[in-house]
Amino acid sequence: MAFDSFADFIAMGGYGFFVWLSYGVSFLSIVLYIVYVKRQKRQLTQHVVAQQAREARIAAAKQSQEK
Amino acid sequence: MFVWLHPYAKTERAYALCNTLMPYFLSAAVLGLSVGLVWGMLFAPSDYQQGDSFRIIYIHVPSAILSMGTYVAMAIAGLVGLVWQWKTAYMSMIAMAPVGALVCFISLFTGAAWGKPMWGTWWIWDARLTSQLILLFLYFGVMALYYAFSDRQQAGKAAAIIALIGVINIPIIHYSVEWWNTLHQGSTITKIGKPSIAPSMKWPLLVSIAGFMGLIGTLTLMQLKNVIIERELHRPWVKQLLSQQETK
């Protein structure tokens, strides 16, 4: 182990701000990207479901008109 | 010879392949990143000159190397699309672009946060930093051009050509530290024969590079699945798949 205590580990020999800034921003940007991709997927799914519901409604309306 | 590849030109098979490959890349990402980063952060010794600030290397170097690797992979996918007219090749190309841009951004940002304590500046317009910034703009260019076309096949062709032209930047980034005077240090692990990094620092770095490869693979597959769905929205298999997922 390169550090004696947890406080030492956080301090990173005086470079704590820069080290944790790097790790934090990298982690955050990866997480945000995953959130973005998941949201994109959900929007595509909702689009398809809405379209199918609309098609079903149109089909039902046509049938009731023919009667 | 490559006949076994042909079914994957069909988007449905390519989508299924994404699902098959996902767990392997995901486990490589989780395993490689957790082992590599914990090893690098806790157990690697401090650098004799840079102290503990050198620990940024465990994100900076993997992301920098792989931002170039992803670019080359993206350009190869573009070339395959141009030569064999495979739409799934264009789809993988455009799925890799945002992931590559993300990784490129991480390399630039961690580089800046490492440069401030070591060089005294967040940014300097020297050869290595500038050429890496151009790489980020090339990723943006590929995406901008692709999404500027409403015809996806045309979009793929145009973006693939830009991606291929941009490959010229890759050797420039790699050799920039040798060709020009720069603040950035030379290569340490890719020096042929005699790496100038101690094994106790090198091994966690290699593990973390493997982890980043897994991460990039995972993110690309996630993005590629969305690209396939968006392109094939009108196909029965996509409609069925998505309405099934919605009811779950």
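Predicted, not measured: the structure shown is a model, and the values here were computed from it. Basis for what follows: all heavy atoms, side chains included, without hydrogens, waters or symmetry-related copies.
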As an exercise, state the distance from [atom1] of [X] to [atom2] of [Y], rounded to the nearest 0.5 Å.
| X | Y | atom1 | atom2 | value |
| --- | --- | --- | --- | --- |
| A:Phe18 | B:Ile56 | CZ | CD1 | 8.5 Å |
| A:Gln51 | B:Ser243 | CD | OG | 11.5 Å |
| B:Leu242 | A:His47 | CG | NE2 | 10.0 Å |

Per-residue contact mode, [X] against chain A (heavy atom under 4.5 angstrom):
| X | answer |
| --- | --- |
| B:Leu102 | side chain |
| B:Val103 | neither |
| B:Ala44 | backbone |

Which bit of A:Val19 comes within less than 4.5 Å of chain B, counting heavy atoms only: side chain, backbone, both or neither?
both
Could you go through the side-chain contact (heavy atoms from CB on, under 4.5 Å) check for B:Gln50 and A:Tyr15 one step at a time?
CA-CA 9 Å; B:Gln50 303 197 2; A:Tyr15 296 114; 6.0 Å; no
In terms of heavy-atom pairs under 4.5 Å with chain B, which of A:Leu21, A:Ile30, A:Leu44, A:Leu32 leads?
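Highest number of pairs under 4.5 Å: A:Leu44.
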Contact leader toward chain A among B:Lys116, B:His234, B:Lys225, where contacts are heavy-atom pairs under 4.5 Å
B:Lys116
Greatest number of heavy atom pairs closer than 4.5 Å to chain A - which of B:Asn226, B:Leu37, B:Thr110:
B:Asn226
Can you confirm whether more than 12 heavy atoms, excluding those of B:Tyr24, are under 6.0 Å from its OH atom?
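Not more than 12 within 6.0 Å, no.
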Is it the case that more than 12 heavy atoms not belonging to A:Phe27 sit under 6.0 Å from its CZ atom?
no
Not counting sequence neighbours, list each pair that qualifies as a salt bridge (charged side-chain N to carboxylate O under 4.0 Å, His left out) and has a residue in residues 46-66 of chain B.
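Sorted pair list: B:Asp52-B:Arg55.
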Parallel, tilted or perpendicular: ring planes of A:Phe17 versus B:Trp122, cut at 30 and 60 degrees:
perpendicular
Working note: B:His60 + A:Ser22, criterion side-chain contact (heavy atoms from CB on, under 4.5 Å); need CA distance, chi angles, decisive distance, verdict.
CA-CA 9 Å; B:His60 180 69; A:Ser22 301; over 6 Å; no
Within residues 33-40 of chain A, which residues come under 4.5 Å of chain B, heavy atom to heavy atom?
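Within residues 33-40 of chain A, the residues under 4.5 Å from chain B are A:Tyr33, A:Ile34, A:Tyr36, A:Val37, A:Lys38, A:Gln40.
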Which is it for A:Ser29 and B:Phe105 under the side-chain contact (heavy atoms from CB on, under 4.5 Å) test, yes or no, and what are the steps along the way?
CA-CA 9 Å; A:Ser29 51; B:Phe105 163 75; 4.2 Å; yes
Can you name the residues that form a side-chain contact (heavy atoms from CB on, under 4.5 Å) with B:Ser150, not counting sequence neighbours?
none
Neighbours of chain A found in residues 211-224 of chain B - heavy atoms under 4.5 Å
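B:Leu215, B:Leu219, B:Met222, B:Gln223, listed by number.
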Please test A:Tyr23 against B:Tyr58 for side-chain contact (heavy atoms from CB on, under 4.5 Å), starting from the C-alpha separation and ending with a verdict.
CA-CA 9 Å; A:Tyr23 277 76; B:Tyr58 297 109; 3.5 Å; yes
